[in-house]
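Working notes, beginning with the structure itself.
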Number of protein chains: 2
Amino acid sequence: MSHSQFGKIVIDGVGLMGGSLGAALIRRGLVDSVWGIGRSLERLEKARTAGVVTHVTTNRSEALSEADLVIVGLPVDRIAEEILSFTPLLSPTTLVTDMGSVKGQIVAQIEKGDPGRKINFIGSHPMCGSERTGFEFADADLYSGATCVVTPTEHCLETNVEKVCQFWMAVGGNILHLNPDEHDRLAARTSHLPRLLASALCLALEQEMDAEKRDQMVSTGFLGPTRTAVGDVSNWVQILSQNSDHVLNALGDMQITLARLHRCLAEDDVANLTEYLNEAQDVRHRLDLLPIARKMRG
Amino acid sequence: MSHSQFGKIVIDGVGLMGGSLGAALIRRGLVDSVWGIGRSLERLEKARTAGVVTHVTTNRSEALSEADLVIVGLPVDRIAEEILSFTPLLSPTTLVTDMGSVKGQIVAQIEKGDPGRKINFIGSHPMCGSERTGFEFADADLYSGATCVVTPTEHCLETNVEKVCQFWMAVGGNILHLNPDEHDRLAARTSHLPRLLASALCLALEQEMDAEKRDQMVSTGFLGPTRTAVGDVSNWVQILSQNSDHVLNALGDMQITLARLHRCLAEDDVANLTEYLNEAQDVRHRLDLLPIARKMRG
């Protein structure tokens with residue numbers, strides 16, 4: 001019998017996101033146990049020693065047995081397959097969610113692969129993280145103030161959706177209900193496009209030939225916008241590829257905007273340049289009022 | 001007679017940069033006095049109360065008399081005119097420098113306006129700062145670890161250049177000698193292009209129509225790269241406009257890179273996309289070794 005709000009939790013993939021989630025659950029006393037599962041027992045044991053999970057195993061049926069909630073924190077290209085492979089191991093009341101940065105393909109693949117609705121899956125995406133990887137960088141406060149997107153479909157039971165929302169709220173998240181495609185459309189602009197531009201800025205720097213002086217001229221104004229360019233490449237290629245339609249739309253808008261700015265500079269059109277920068281400043285001032293912006297300022 | 005390394009210093013324009021400089025000089029015991037000059041005595045008095053300057057006046061001849069070094073911290077479009085107006089007020093030994101984000105036009109305008117070389121001017125640009133404005137945000141540690149570009153021309157005496165370098169090093173800066181055009185070419189890529197993209201990202205967000213959900217989807221991955229978009233618009237329009245040739249080159253390279261990324265996504269060319277992101281990741285990892293990057297990580 002569970003004495004805590006969420007009972008037995010399983011985190012599949014104890015990286016920065018999974019480790020931070022485990023740390024938050026333990027720190028806040030929300031669970032009876034947090035099981036970390038994965039492929040390397042050595043890594044899992046280290047995660048337990050670090051205090052981000054309470055139990056570890058590579059035996060998935062041991063972990064999944066009588067779990068109340070399973071959270072999959074794997075790279076986006078492995079999430080659907082992993083969750084579908086759980087089918088024979090889950091009890092009928094176990095809820096399953098994920099933390100993938102794209103939702104459309106993952107949700108569709110799971111629903112298509114589980115026509116009998118044996119898995120109580122509700123897609124999630126907590127809008128937080130870091131360019132760093134590994135539970136070594138886990139932060140029990142990571143989810144606090146972060147928007148946690150939940151993407152139920154018509155196949156999800158309302159009580160289950162409510163439980164998943166309660167879960168994210170319990171670790172400090174603010175819930176945003178979106179359908180999977182809506183999530184992907186918005187994430188393209190708020191997350192995937194900035195990630196792509198971070199890499200593009202690094203490539204543009206590299207086109208300057210004076211390597212030594214070039215690097216010495218780099219300061220916070222370059223390091224800040226390019227921080228995410230160190231993020232795991234294979235994971236990001238999968239994210240961008242799975243969400244290519246929406247990313248292409250956002251990127252196309254960006255290309256049009258840059259062409260306008262190019263024209264302003266080429267024609268010394270100070271009036272229009274001022275108007276664009278003023279509009280952008282208004283947007284950014286507005287965003288500074290968001291809870292996550294307040295948190296960043298500390 | 002001066003008892004300190006730099007004697008009497010005048011800061012013309014006591015904003016975030018000027019205020020931080022004054023605070024650093026006072027904190028490190030490098031000066032006899034730091035005079036703040038400007039247009040509003042009320043603001044200047046507040047700066048003195050805040051401890052970022054030791055003396056204030058709106059009477060420029062009082063401040064400039066027997067100054068050892070004058071640092072002009074005004075917006076780029078006012079720097080050259082201001083410095084040329086000092087001519088009758090400066091003693092022959094006073095050195096003058098600035099902190100403008102562009103150097104070509106400013107240095108050329110001053111040298112053209114002072115054919116008799118009555119002003120000992122050497123251009124500077126400390127590669128640090130903030131999107132915030134005002135001495136209220138002054139940080140005595142701002143220059144520590146920052147590259148301070150010095151852009152002497154053939155008209156500058158070597159001993160004077162050496163003194164200006166000593167000055168920036170004394171507040172913690174690392175000196176980089178560049179000619180003015182070289183500075184502008186490199187700054188276009190490391191500073192001005194990222195600033196332009198920060199605004200462009202905000203404008204791209206605004207093209208998404210679902211205003212409420214859009215803003216809730218914003219997280220650190222968007223807030224970080226767009227931070228500079230709140231920076232003073234009129235100052236930035238002047239910077240971009242004065243440096244338009246180099247910014248157009250950098251922006252053109254960026255547009256080509258984005259077109260390549262667009263093609264990769266449209267054709268699902270995972271191999272090339274991976275190659276681009278890997279190359280960018282290598283660049284960004286390399287930049288993480290810079291002193292300023294270590295300082296940012298804290």
Side-chain angles (χ1 to χ4, degrees), chain A residues 127-128 147 176 186 189-191 194 196-197 199-208 213-214 216-219 221-230 233 236-237 241 244 247-248 250-251 253-255 257-258 261-262 265-266 270 273-274 277-278 280-281 283-285 287 290 292-293 296, chain B residues 127-128 147 176 186 189-191 194 196-197 199-208 213-214 216-219 221-230 233 236-237 241 244 247-248 250-251 253-255 257-258 261-262 265-266 270 273-274 277-278 280-281 283-285 287 290 292-293 296:
Chain A
M127 303 299 295
C128 54
T147 293
L176 177 63
L186 295 168
R189 236 161 256 262
T190 61
S191 170
L196 211 49
L197 286 180
S199 292
L201 270 172
C202 290
L203 297 174
L205 179 72
E206 218 59 7
Q207 289 180 273
E208 160 60 43
K213 290 174 180 168
R214 172 192 72 196
Q216 283 183 266
M217 284 287 281
V218 164
S219 184
F222 189 89
L223 293 172
T226 57
R227 192 180 53 86
T228 57
V230 302
V233 168
W236 270 102
V237 166
S241 175
S244 58
V247 175
L248 281 167
L251 181 54
D253 282 349
M254 172 58 63
Q255 288 174 296
T257 299
L258 291 185
L261 292 169
H262 195 283
L265 286 169
V270 167
L273 185 58
T274 302
L277 297 195
N278 271 328
Q281 189 187 47
V283 173
R284 192 57 181 75
H285 274 308
L287 299 177
L290 290 168
I292 193 74
M296 272 178 85
Chain B
M127 302 298 296
C128 54
T147 294
L176 177 63
L186 295 169
R189 235 162 257 263
T190 61
S191 169
L196 212 48
L197 286 180
S199 293
L201 270 172
C202 290
L203 297 174
L205 180 72
E206 217 59 5
Q207 288 180 273
E208 159 59 44
K213 291 174 180 170
R214 173 191 71 196
Q216 282 183 266
M217 285 286 283
V218 163
S219 183
F222 189 90
L223 293 170
T226 56
R227 192 181 52 87
T228 57
V230 301
V233 168
W236 270 101
V237 167
S241 174
S244 58
V247 174
L248 281 168
L251 181 54
D253 282 349
M254 172 58 64
Q255 289 174 295
T257 299
L258 291 185
L261 293 170
H262 195 284
L265 285 169
V270 168
L273 184 58
T274 302
L277 297 195
N278 271 329
Q281 190 187 47
V283 173
R284 191 57 181 74
H285 275 307
L287 298 176
L290 290 168
I292 193 76
M296 270 178 86

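Per chain, numbering begins at 1; letters A, B, ... match sequence-line order. Note that the structure is a prediction, hence the values are computed from the model and not measured.
- Only the side chain of A:Thr257 comes within contact range of chain B, with at least one heavy atom under 4.5 Å from a heavy atom of that chain.
- The contact between B:Glu206 and chain A is made entirely by side chain atoms (from C-beta outward), counting heavy-atom distances below 4.5 Å.
- For A:Glu208, the parts lying under 4.5 angstrom from a heavy atom of chain B are both the backbone and the side chain.
- To the nearest 0.5 Å, the span separating CH2 on B:Trp236 from CG on A:Leu277 amounts to 9.5 Å.
- Contact tally against chain A (heavy-atom pairs below 4.5 Å) for B:Gly224, B:Cys128, B:Ser199: the top residue is B:Ser199.
- To the nearest 0.5 Å, the span separating CG on A:Leu197 from CG on B:Leu197 amounts to 5.5 Å.
- Residues B:Arg189 and A:Met217 are not in side-chain contact: their nearest non-hydrogen atoms beyond the backbone lie 4.5 Å or more apart.
- When each of A:Ile292, A:Leu258, A:Leu273 is checked for heavy-atom pairs under 4.5 Å with chain B, A:Leu258 comes out on top.
- Here the CE atom belonging to A:Met254 is positioned 12.5 Å from the NE2 atom belonging to B:His262, to the nearest 0.5 angstrom.
- Interface remark: of the candidates B:Val218, B:Asn278, B:Leu223, B:Leu201, B:Leu223 forms the most heavy-atom pairs closer than 4.5 Å to chain A.
- For a residue to count as touching a neighbouring chain, one of its non-hydrogen atoms must lie under 4.5 Å from one of that chain's; by this rule B:Leu290 touches chain A with the side chain only.
- In this structure a side-chain-to-backbone donor-acceptor pair under 3.5 Å is missing from B:Arg284 to A:Cys202.
- For the set B:Gln207, B:Arg214, B:His285, the entry with the most heavy-atom pairs within less than 4.5 Å of chain A is B:Gln207.
- To the nearest 0.5 Å, atoms CZ (B:Arg227) and CG (A:Leu287) are separated by 14.5 Å.
- Interface remark: of the candidates A:Leu196, A:Thr147, A:Val230, A:Val230 forms the most heavy-atom pairs closer than 4.5 Å to chain B.
- Contact annotation for B:Met127: both backbone and side-chain heavy atoms come within less than 4.5 Å of a heavy atom of chain A.
- Interface check for chain B: of the options A:Val247, A:Asp253, A:Leu261, A:Thr228, the most heavy-atom pairs under 4.5 Å are formed by A:Asp253.
- Proximity of B:Val283 to A:Leu203: side-chain heavy atoms (C-beta onward) are nowhere separated by under 4.5 Å.
- With respect to chain A, the highest number of heavy-atom pairs below 4.5 Å among B:Ala200, B:Ser241, B:Ser191, B:Gly221 belongs to B:Ala200.
- Of all non-hydrogen atoms in A:Phe222 and B:Thr190, the two that sit nearest each other are CB-O, 3.3 Å.
- Heavy-atom pairs under 4.5 Å with chain A peak, among B:Val233, B:Val270, B:Leu251, at B:Val233.
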